[in-house]
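Beneath this line is the structure, given in structure tokens, with notes to follow.
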Amino acid sequence: MIKQVRANYDAPTIEKEIQKAWIENDAYLKTKALRESGERFYFLDGPPYTTGHIHMGTALNKTIKDIFIRYWRMNGYNVRDQPGFDMHGLPIEVQVEKMVNVPGRVSKDGKPDELGIRSKKEIEDIVGIDNFVNTCMNRALELHASMTEEFKELGVWMDWDHPYQTIRKDYMESAWWTLQRAYERDLLNPSSRVVTWCPRCETALAEAEIEYWDETDPSVMVRFPLVDDPSVSLLIWTTTPWTLPSNMMVAAHPDFDYAKIRFSGEKGEEVAICMECQAEYVMKKGGYEKFEILERFKGKDMVGIAYRPPYDIDPKYLKRSEYVFKVVNADYVEKDNTGLVHTAPGFGPDDYETGKRYGVEPFCPVGEAGRYTEEFPLMEGRKVKTANDDIVKYLKENGFLFNTEKIKHRYGHCWRCKTPIIYRNTKQWFINVPKVKDTMLQEIDRAKWVPDWAGSTREKNWVDGARDWCISRQRYWGIPIPVWECKCGERKVVGQISELKDGDGYTEGMDIHRPWIDKVTFKCPKCGGTMTRIPDILDVWFDSGVAAWASLEYPAKKEEFEKWWPCDFIVEAHDQTRGWFYSQLGAGVISFDRAPYDEVMMHAWMLDPKGQKMSKSLGNVVVPKEVISEFGADALRLYSVRANAPWDDTCFQWDMKKNPPLKEGPKNAWKVLNTYWNVVKFASMYMEIDGFDPEKHPIADMERYFRGEDRWMFSRTEKMKKAVTEGLESRELHKAARALEDYIMEDLSKWYVKLIRDRSWSEDEASQNDKLASYYTLYYAIMQTAVALAPFTPHLSEEVYQHMGGKKLTVHMEDWPVCNDAFIRDDIEHGMSLIQELVETIATERAKMGSKLRWPLKQIFVCGKDSGSNDAVRMFDDVLKQQGNVKEIVYTTSDRLPRDKEPTSYSDGQIVIDFDVTPEIEAEGYARELIRRIQQMRKDMKLNVEQFITIDVSAEEYLTKLFGTWKDFIAGEVRAKSIAFTDSPKGDEVKTWDVTGKDITIGITKL
Ligand SMILES: [Zn+2]
Ligand SMILES: [Zn+2]
């Protein structure tokens, strides 16, 4: 049964009702059950970090996923659709640090100052790791719950009741197992290296966890006097004076030219060594006016020159070896500043490598919290970045300072707490990625990437340059690294929880997070001592990297793995080239010698209108909730995928009010959906009134009553289905969405509905089959559109489907509409396209002549370039007459075109329009003007389409005579039982209209 839809497309309300109905009738689970026996399709959700809220990018991401999951389901696949959440990590720790009280802490003036944790020491000594980790757990679960609600509001159908969560024991166990694989393959090793470090969070950070912006720092040139001749100095330049206590070498480029130079001026003179080409620059910096080159040499000839460093470090801390405090070579040295680089292997990755080459061990007198240790007693306990001024003062007082200034430069900061990072030499755990790089590259080739360059260029470039992956973090809220060590050097890597049973301190069912896992110890098989766990936890990128099997709880549960693995499809944003695409590839190759995925689709970002990243600090964030409450989730979804190719960034636009008007924005998407709604409203209203039941009129019966325009509509509908299917198959969602939009706007609403208005209106018996044919065609177009729209706009599709008599519990149970080639008629489409063009041409010519659309034209002459093209137009003779409002069409050849009138060209020939106004035309014109006014009044009176009326009309006699000849026609058009011409019209509504300068008064009475 077809039921009329409500008057307005109030998307937010409709969507809430639909979501409620889905829950009430179990639509999601039943739809899944329907496909249970279908071919399995393993879709894997890239887990968003649990921030509690979704942003426009996450909305786009989940929309794309939901579109494909629904599409594959409609194609019969049994789709695995488990959502995932990335729930460990520093962001939650930092939030919890701000929430928790530190009992008993007082400020300097003795007042209680308890809110917020400020150091790891407070976590360990006062709050307790157990308390801290439990709070993180609760916080993560809260954030997970609120985020899930927002995904549901977007209309996403995933298995929300059974998500995979990286904080769950079974999941963590899979990560352990993967690490054990890495260890067994000698890919997991500890190493002492210089890493990026947050002194506030007191942990190593990955490059992806660092945000850059400008900072002002000192820029100093420092003298390092030569041991052999202290009157000559090496000049080095640095922006981190605080690293000078750990200076071990000075690096020069082997191939560059250096010189011993005498600088002189009013202030005196001195001799120093720097790069020759920088002599003048250095002279100015040092406040001298002249310089003189005393000796030239290449950088490679300087190796071994010994100098005196600014600080004397106690030899018990600083190991001396051959190249300590000497010039060495390094080819990363650039031609700027002095061309001599202060080298501190304890504080720079390049420095560290240089040290390694020259056998110089790092000296790192800075602790985890970024404070000097006892190894640098002069400033023990000071925060390094605050020590700069005092260091510079010391250099000046002791004659080491050549020049000092301030510099603004790009500097890295911790992504969570915004503290400037430092580099520190620490012991970390690394996965040897270069060792498995070749297999990773081969696997990129094997998998399908959309677009292709996402894999063949982007991912490959990233993997090609891949270095060792530092997977250890010195924090609490994460998967504990399952490595136990003994003082004797023996090591054990646990891969499954069952292995813990051999240890002391294990209790069945225990939480394997810190600190509980730290209580588990093993007896050393080598020396009989106690093996304890290393305190580190895992980089969260490793957590998500194992998702393809951890979500299946492998290796604990083998059957699920055998059923689904490997995954068929993943889709994430382009930043995941270095993130999840990469971490999964690495973890997969380590564990299974293969990428865990077969197809990777890459999508882009949603930026602000100016093309900037949306961010809280810029204040340009638009949240999905705002858009949903204004235009609905469906409009947001359609807009998100329609605006651009999935892999091109979209600059979010609210609406089209701008100048020039924007074609984009959720408002525009809403307009498309509203247009569809109005078509459905028109159809469902008439069909309900007439009790139209498509079941009773199978297409085989109806076919013989189809008019050309009906066949045209069928053909267009099939082409739309084909284009949408192609767009989905090629992952070009924008093409699919645009095909739907063009079809709804141009074919369905602007054309077909206009053509059949009169047929729907007709009540005479003889034309019933003609009317049914139009109903059937319109019904078919609407339903096929509802089904094709289902993946994109799931709520609107459902609402339409249910009102149009859909047979399934939900539209999402329908099979995907396959294009029926038998309905495609290119000849008919060609003919109709000519008619559309001619109608537009006539309208343009009318406008030029000041001829009103409602006034019929006497005749037009159509002269196609050949007889075939006249036939093509003739096919739709009726449509052209009706839509062009033409009384007569004469098909002719160019030699017979009337000579007295100017012809107008169209793509297939010429037409001549006869604008002569005869008395008959004038009568019909006025009759149509009158009908329009009456229709308007019916609308203003909110009369039902079935409502009968009577009409009084007053006008000058000349006009009433004209109306008289059209009386029956007028009455039929406006559903009037009678029309009376009188001097004083009466009725429920009386109104006087100005029609081309003549007053006409109309009175309408409801019957
Ligand atoms: Zn930090
Ligand atoms: Zn041992």
Side-chain angles (χ1 to χ4, degrees), residues 49 51 86 88-100 102 116-124 127 129 132-133 135-136 139 183 190 194-213 215 240 242 347 366-371 383-386 410-424 426-428 470-478 482-494 499 502-505 518 520-541 615-617:
Y49 195 78
T51 54
D86 200 355
H88 279 132
L90 209 42
I92 287 174
E93 286 200 44
V94 170
Q95 275 191 36
V96 168
E97 284 183 350
K98 285 180 187 151
M99 290 157 47
V100 168
V102 179
I117 294 170
R118 290 177 199 156
S119 68
K120 274 163 67 170
K121 204 170 153 42
E122 288 180 343
I123 293 174
E124 296 190 7
V127 177
I129 298 176
F132 184 73
V133 166
T135 314
C136 287
R139 183 71 188 143
Y183 185 69
V194 173
V195 294
T196 40
W197 185 273
C198 174
R200 200 216 69 98
C201 301
E202 300 180 48
T203 181
L205 296 176
E207 185 57 38
E209 296 169 324
I210 295 167
E211 281 179 11
Y212 289 88
W213 65 80
E215 283 268 340
T240 51
W242 63 266
F347 288 114
V366 173
E368 293 197 336
R371 295 170 192 273
K383 280 192 181 170
V384 295
K385 284 219 104 183
T386 67
R410 242 175 121 245
Y411 198 85
H413 302 78
C414 171
W415 65 318
R416 282 337 302 176
C417 73
K418 315 299 176 198
T419 305
I421 53 148
I422 60 175
Y423 289 90
R424 269 188 84 230
T426 58
K427 182 179 155 185
Q428 301 290 342
C470 175
I471 56 153
S472 48
R473 297 288 183 274
Q474 290 66 50
R475 295 295 308 186
Y476 312 96
W477 182 232
V483 174
W484 274 257
E485 285 182 329
C486 175
K487 282 200 184 71
C488 78
E490 183 68 3
R491 192 173 284 152
K492 176 184 176 72
V493 178
V494 169
E499 295 167 42
D502 305 335
D504 288 329
D518 298 333
V520 178
T521 58
F522 294 95
K523 193 175 166 194
C524 175
K526 211 164 158 193
C527 72
T530 303
M531 301 180 83
T532 53
R533 199 186 72 81
I534 61 162
D536 297 350
I537 60 167
L538 270 176
D539 174 9
V540 283
W541 283 103
S615 81
K616 262 187 202 156
S617 56

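Hydrogens, waters and symmetry mates play no part in the numbers below; they use all other heavy atoms, side chains included. Counting starts at 1 for both ligands and their atoms, following the listed order.
- Near the Zn ion (ligand 2), less than 2.8 Å away, sit the protein N, O or S atoms C486 SG, C488 SG, C524 SG, C527 SG.
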Stepwise side chain to side chain contact (heavy atoms under 4.5 Å, CB included) check, R139 with Q95: CA-CA 9 Å; R139 183 71 188 143; Q95 275 191 36; 2.7 Å; yes
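- Taking the charged nitrogens against the carboxylate oxygens, E97 and R416 have no contact shorter than 4.0 Å, which rules out a salt bridge.
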Kindly indicate, with the supporting measurements, whether the criterion side chain to side chain contact (heavy atoms under 4.5 Å, CB included) is fulfilled by K383 and V366. CA-CA 9 Å; K383 280 192 181 170; V366 173; over 6 Å; no
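- Put simply, the angle at the Zn ion (ligand 1) from SG in C201 to SG in C417 is close to 110°, to the nearest 10°.
- Looking only at side-chain heavy atoms (C-beta outward), E215 and P420 come within less than 4.5 Å of each other.
- With the Zn ion (ligand 1) as the vertex, atom SG of C198 and atom SG of C414 span an angle of 110° (nearest 10 degrees).
- By the 6.0 Å and 45° rule, K418 does not stack over the aromatic ring of Y212.
- With respect to the salt-bridge test (charged N to carboxylate O, under 4.0 angstrom), the residues E202 and R118 do not qualify.
- Under a 4.0 Å N-O distance rule, the pair E209/R473 qualifies as a salt bridge.
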